[in-house]
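What you see is a predicted model, and the numbers here were worked out from it, not measured in a lab.
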Amino acid sequence: MCTLEKKGDIFILTLTGDGEHRLNPTLLDSIQSSLRRVRQEATTSSALITTAHGKFFSNGYDIAWAQSSQVRMAQMDSLLRSVVSDLLTLPMPTIAAVTGHASAAGYILALAHDYLVMRSDRGFLYMSELDINLVIPAWFVAVVEAKVGSPSARRHIVMNAAKLTAKDALRLGVIDSAHDTVAETFEAAQARALDLVKRGWDGHVYAQNRMRFLGRVIRAVEDTSERNTNTSSRL
Ligand SMILES: CCCCCCCCCCCCC/C=C/C(=O)SCCNC(=O)CCNC(=O)[C@H](O)C(C)(C)COP(=O)(O)OP(=O)(O)OC[C@H]1O[C@@H](n2cnc3c(N)ncnc32)[C@H](O)[C@@H]1OP(=O)(O)O
């Protein structure tokens with residue numbers, strides 16, 4: 001599950017508990033209702049930090065729950081699309097404090113934030129589809145393309161299923177800063193959030209500008225026409 005607290009103008013959304021924070025409908029619904037509250041309670045200049053307890057930020061879709069049911073996979077895909085769309089249209093800057101592993105859909109959840117700060121002593125950013133014999137959704141690729149500038153870095157992430165440490169991710173331009181501990185990672189997220197709030201931007205203007213800046217990926221996230229044939233035998 002997740003909790004939402006507010007410290008001054010900063011909202012803190014935390015994926016709670018020591019588990020893998022697998023993105024099943026229960027957790028995705030909980031995240032989405034928290035984001036709805038953030039949108040309702042936002043003041044002119046706010047910021048959101050998303051973080052997690054334990055050694056995982058999110059280990060991706062709950063494929064055990066899906067039990068290879070395409071309908072259930074489609075349900076998680078649809079819910080994650082609306083969470084990512086909510087993040088990309090939120091009227092405030094967003095920061096992911098990646099305090100543990102973020103795999104596949106969990107990686108996309110982190111990348112859906114404007115800024116990523118990450119713990120360097122533990123935790124990978126890991127687009128694992130190749131290793132688990134799944135086809136990456138086109139909209140996931142659109143998010144990676146929008147957030148990672150270098151073609152070789154994108155190839156390493158997607159076509160090499162690289163397990164990036166924070167230091168690797170910083171070098172490849174995937175994250176904004178790397179920190180030795182969970183505490184320092186969260187402090188860095190708070191400091192960045194305060195700096196952004198201090199700019200005093202109107203959140204709705206911020207959201208409009210982000211929708212211009214990331215228009216292509218927002219359209220990809222919201223385009224559910226993509227057929228995701230997730231059985232390699234069909235290739
Ligand atoms: C009808 C229409 C149809 C439409 C249908 C639409 C459907 C769409 C479906 C789309 C599906 C495709 C997209 C898929 C999305 C998904 O999310 S699927 C699920 C993805 N999840 C995964 O694949 C899980 C991946 N996770 C793992 O493999 C592991 O959990 C891990 C991340 C590798 C972590 O391993 P773990 O053992 O659990 O953790 P640790 O013990 O912490 O680490 C292992 C070792 O690594 C060392 N280490 C950790 N961090 C670091 C670091 N930063 N630096 C250096 N070393 C590190 C750690 O010390 C461990 O080392 P040892 O102790 O020596 O073992």
Side-chain angles (χ1 to χ4, degrees), residues 1-2 15 17-31 50 52-85 87 96 98-113 116 118-119 122-148 150-169 172 174-175 217 220-221 223-235:
M1 294 306 278
C2 69
L15 307 187
D18 279 340
E20 298 187 9
H21 310 308
R22 288 277 183 160
L23 295 171
N24 54 42
T26 306
L27 180 54
L28 286 163
D29 282 341
S30 177
I31 295 170
T50 302
H53 291 158
K55 75 173 191 178
F56 291 92
F57 179 79
S58 169
N59 218 10
Y61 283 148
D62 191 340
I63 40 184
W65 173 80
Q67 295 168 7
S68 69
S69 151
Q70 277 296 307
V71 170
R72 286 188 165 195
M73 289 298 278
Q75 190 182 351
M76 289 191 287
D77 183 76
S78 163
L79 284 168
L80 180 62
R81 285 175 188 261
S82 51
V83 163
V84 167
S85 174
L87 284 166
V98 184
T99 49
H101 303 295
S103 306
Y107 199 157
I108 294 298
L109 177 64
L111 286 176
H113 292 73
L116 280 76
M118 186 173 174
R119 172 188 182 182
R122 298 293 289 247
F124 297 128
L125 292 177
Y126 175 30
M127 204 58 83
S128 63
E129 286 85 348
L130 265 181
D131 289 341
I132 59 172
N133 200 32
L134 287 176
V135 176
I136 189 169
W139 76 272
F140 279 26
V141 175
V143 172
V144 173
E145 283 171 343
K147 298 293 183 154
V148 181
S150 139
S152 58
R154 296 198 293 261
R155 182 188 60 206
H156 190 49
I157 289 165
V158 177
M159 298 311 294
N160 195 36
K163 292 187 180 83
L164 301 182
T165 65
K167 287 190 172 58
D168 300 329
L172 294 174
V174 183
I175 65 171
V217 64
V221 170
D223 173 14
T224 54
S225 62
E226 173 203 0
R227 294 267 316 135
N228 200 309
T229 53
N230 240 309
T231 46
S232 47
S233 56
R234 288 197 205 162
L235 296 181

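In this structure, T99 contributes its side chain and A52 its backbone to a donor-acceptor pair below 3.5 Å. A donor-acceptor pair is defined here as one N or O able to donate and one able to accept, closer than 3.5 Å; such a pair exists between the side chain of R22 and the backbone of Y61. Side chain of R119 to main chain of K55: no donor-acceptor pair is present (N/O by atom type, distance under 3.5 Å, no hydrogens or angles). Judged by distance alone, the side chain of R72 and the main-chain N or O of Q67 form no donor-acceptor pair under 3.5 Å.
How far CD1 of I63 is from OG of S69: 13.0 Å, rounded to the nearest 0.5 Å. For the atom pair CD1 of I31 and OG1 of T50, the computed distance is 8.0 Å after rounding to the nearest 0.5 Å. The distance from atom CG of L28 to atom CE of M76, rounded to the nearest 0.5 Å, is 8.5 Å. In this structure, CZ on R122 lies 12.5 Å from OG1 on T165, to the nearest 0.5 angstrom. Rounding to the nearest 0.5 angstrom, the gap separating the CD1 atom in I157 from the CG atom in L172 is 6.5 Å. In this structure, N59 CG and H21 NE2 are separated by 10.0 Å, a value rounded to the nearest 0.5 Å.
Checked against ring pair (Phe, Tyr, Trp, His ring centres under 6.0 Å), F56 has the following partners two or more places apart in sequence or in another chain: H101. By the side-chain hydrogen bond (donor to acceptor under 3.5 Å, both in side chains) test, S58 is found to be paired with no residue, residues two or more places apart in sequence or in another chain being considered. With sequence neighbours left out, H53 forms a side-chain hydrogen bond (donor to acceptor under 3.5 Å, both in side chains) with no residue at all. For N160, the side-chain hydrogen bond (donor to acceptor under 3.5 Å, both in side chains) partners are H156, not counting sequence neighbours.
The heavy-atom pair separating T224 from R81 by the smallest distance is CG2-CD, 3.9 Å. Taking both residues in full, the closest heavy atoms of H113 and L116 are given as O-CD1, 4.0 Å, listed atom of the first, atom of the second, then distance. When all heavy atoms of F57 and A110 are compared, the pair lying nearest together is CE2-CB, 3.8 Å. Residues Q75 and W65 approach most closely at OE1-CH2, 3.2 Å, considering heavy atoms. When all heavy atoms of F140 and A104 are compared, the pair lying nearest together is CE2-C, 4.1 Å. The two residues I108 and M127 have their closest heavy-atom pair at CD1-CE, 3.8 Å.
Side-chain contact check for L130 versus I136: every heavy-atom pair is 4.5 Å or farther apart. With contacts defined as side-chain heavy-atom distances shorter than 4.5 Å, the pair L164/I175 does not qualify.
Listed by first and then second residue, the salt bridge (charged side-chain N to carboxylate O under 4.0 Å, His left out) pairs that reach into residues 160-169 are D168-R171, sequence neighbours excluded. Note on residues 129-147: no pairs pass salt bridge (charged side-chain N to carboxylate O under 4.0 Å, His left out), not counting sequence neighbours.
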Query - Chi angles and distances behind the side chain to side chain contact (heavy atoms under 4.5 Å, CB included) call for Y107, V144 - result: CA-CA 9 Å; Y107 199 157; V144 173; over 6 Å; no

